[in-house]
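See structure below.
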Amino acid sequence: MKQLRAIRGMNDLLPEQSPAWQYVEATLSELLARYGYREIRTPYLEATQLFSRAVGEATDIVEKEMYTFDDKSGDSVTLRPEGTAGTVRAAIQHNLLTQPQRLWYFGPMFRYERPQKGRLRQFHQFGVEVFGLEGPDIDAEILIMTARLWRQLGISEHITLQLNSLGNAASRVAYRNALVGYLSEHRAQLDEDSQRRLERNPLRILDSKSAQTQELLTNAPCLLDFLDEESTVHLTRLRELLDAAQVRYEINPALVRGLDYYGKTVFEWVTGSLGAQGTVCAGGRYDGLVEQMGGKPTPAVGFGLGVERLVLMLEALGGLPKTLAQQVDAYLVAVGDVQSAALAAAEKLRDELPWLRLQAHCGGGSFKSQMKKADKSSANFALIIGEDEAANGQITVKFLRSDRPQQTLAPGALVALLRG
Ligand code: ATP
Ligand code: MG
């Protein structure tokens, strides 16, 4: 029989890899709690309409990246490609928008893309969505918070913030017309994707990877010249707040983001240490979306952070704490007819020392073979119970990572030693 394999672009996370993920997840959830953000969990599967309406028909995601199928009753459903649409739906459905909300989520997202380093078909995002706050202060808060995250992870030297404003709807229309006017005159010089986007989603052309298209864009009209007064003030104030907080950024007038719902502030945190897939965290303001989805007009701002890319970056930069590789502190070796004494001793140690990661040997075997396993387990201590120890109610402790002599101790003395 042919061996079954996971679907292309959907990775298993193996036990060696999960400590890095747990570290990132714990760091993020603690940080978010420190800023007063609360977790929301929404379903992985939603009505297809949710995404075509929220993300936008003409976006890459909706045009070609969604996992969409009919369920058994014939309804079209989609595995979520991003987290904002579901969060907005849930916030409206459960009436959360009567007051400001600072929310976060973590989980898998699904996009049918060409798998490569840092680009998967099932990937994971941490996301933040804030509802009901319209000022630049909250934009600044989430950027200051993200900057703290990079510091805490020890990677701030390797990641930079790019910032732009997309203005209000009217200024985007005006800019769009000017851009289409300019690019239409040079249509033949555009790459194929950009030619298609010229009608469907011209702002995305600014994002083109084609060198020739980028060359053409150097003389194109600039989005920032079309900004409305309110968006200009918003951006200026945000810049002042970031300056005061010493969060460095670059203004990138070509930064547009690939989803339709953004307006005013947009940003990306970008690194050079990942090759082509350099955007680790991206987001912006989407003041129109809640109303567009049937809720009361509610300003909103948020971001999504790609966890695969962040973990790759931490690995590449050696930013993962060395202690992550260590899975247990102690390994209990039980030799002879001592199983019940060993199990009881292990439970007693776990009662006394809740932080102790104690792996108890199972399956018997010689002293030598068990000690080999103890050594491989990465534990600092082997705790040994043989027939003598069992008879005397003692445990022998052997130090696996130093040359301290071994000791045979009563349980109380062993607990005291492990505490120290
Ligand atoms: P890209 O330009 O790299 O395709 P995007 O604009 O489609 O990114 P967003 O929808 O803004 O990405 O998602 C936010 C973050 O999620 C990205 O910055 C990235 O870190 C991560 N991400 C997006 N798509 C993938 C993917 N297919 N595999 C892994 N991570 C992804
Ligand atoms: Mg994409």
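Computed from heavy atoms alone, side chains included, the values below leave out hydrogens, waters and symmetry copies. Every number for a ligand or one of its atoms is a count from 1 in the order of the listing.
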Specify side chain, backbone, both or neither for V280, according to which of its non-hydrogen atoms lie closer than 4.0 Å to ligand 1. backbone

Counting heavy atoms only, name the option from [options] that's nearest to [atom].
atom: atom 27 (N) of ligand 1; options: M109, E82, E113, Q122; answer: E113
atom: atom 26 (C) of ligand 1; options: F126, F123, F303; answer: F123
atom: atom 2 (O) of ligand 1; options: E268, E65, R119, Q277; answer: R119

Mark up the atoms of ligand 1 that fall under 4.0 Å of a heavy atom belonging to [X], in ascending order.
X: T279; result: 17 (C), 18 (O), 19 (C), 20 (O)
X: Q125; result: 13 (O), 14 (C), 15 (C), 16 (O)
X: R257; result: 6 (O), 9 (P), 11 (O)
X: R111; result: 5 (P), 7 (O), 9 (P), 10 (O), 12 (O), 13 (O), 23 (C), 24 (N)
X: G304; result: 14 (C), 15 (C)

Among side-chain atoms of [X] and [Y], is any donor-acceptor pair under 3.5 angstrom?
X: T279; Y: E268; result: yes
X: R38; Y: Q101; result: yes
X: S165; Y: S231; result: no
X: N201; Y: T59; result: no

Could you note down all residue pairs passing ring-ring contact (aromatic ring centres under 6.0 Å, His included) where residues 231-267 supplies at least one of them, sequence neighbours left out? Y261-Y286

Atom 21 (C) of ligand 1 [closest protein heavy-atom partner, distance rounded to 0.1 Å]: G306 CA, 3.7 Å

So does D60 pair up with R204, basic N to acidic O under 4.0 Å? yes

N-O pairing of R196 and D193 below 4.0 Å: yes

Do you see a protein non-hydrogen atom under 4.0 Å from atom 8 (O) of ligand 1? no

N/O separation below 3.5 Å, L120 to ligand 1: yes

Sequence neighbours excluded, which residues qualify as ring pair (Phe, Tyr, Trp, His ring centres under 6.0 Å) partners of F399? F381

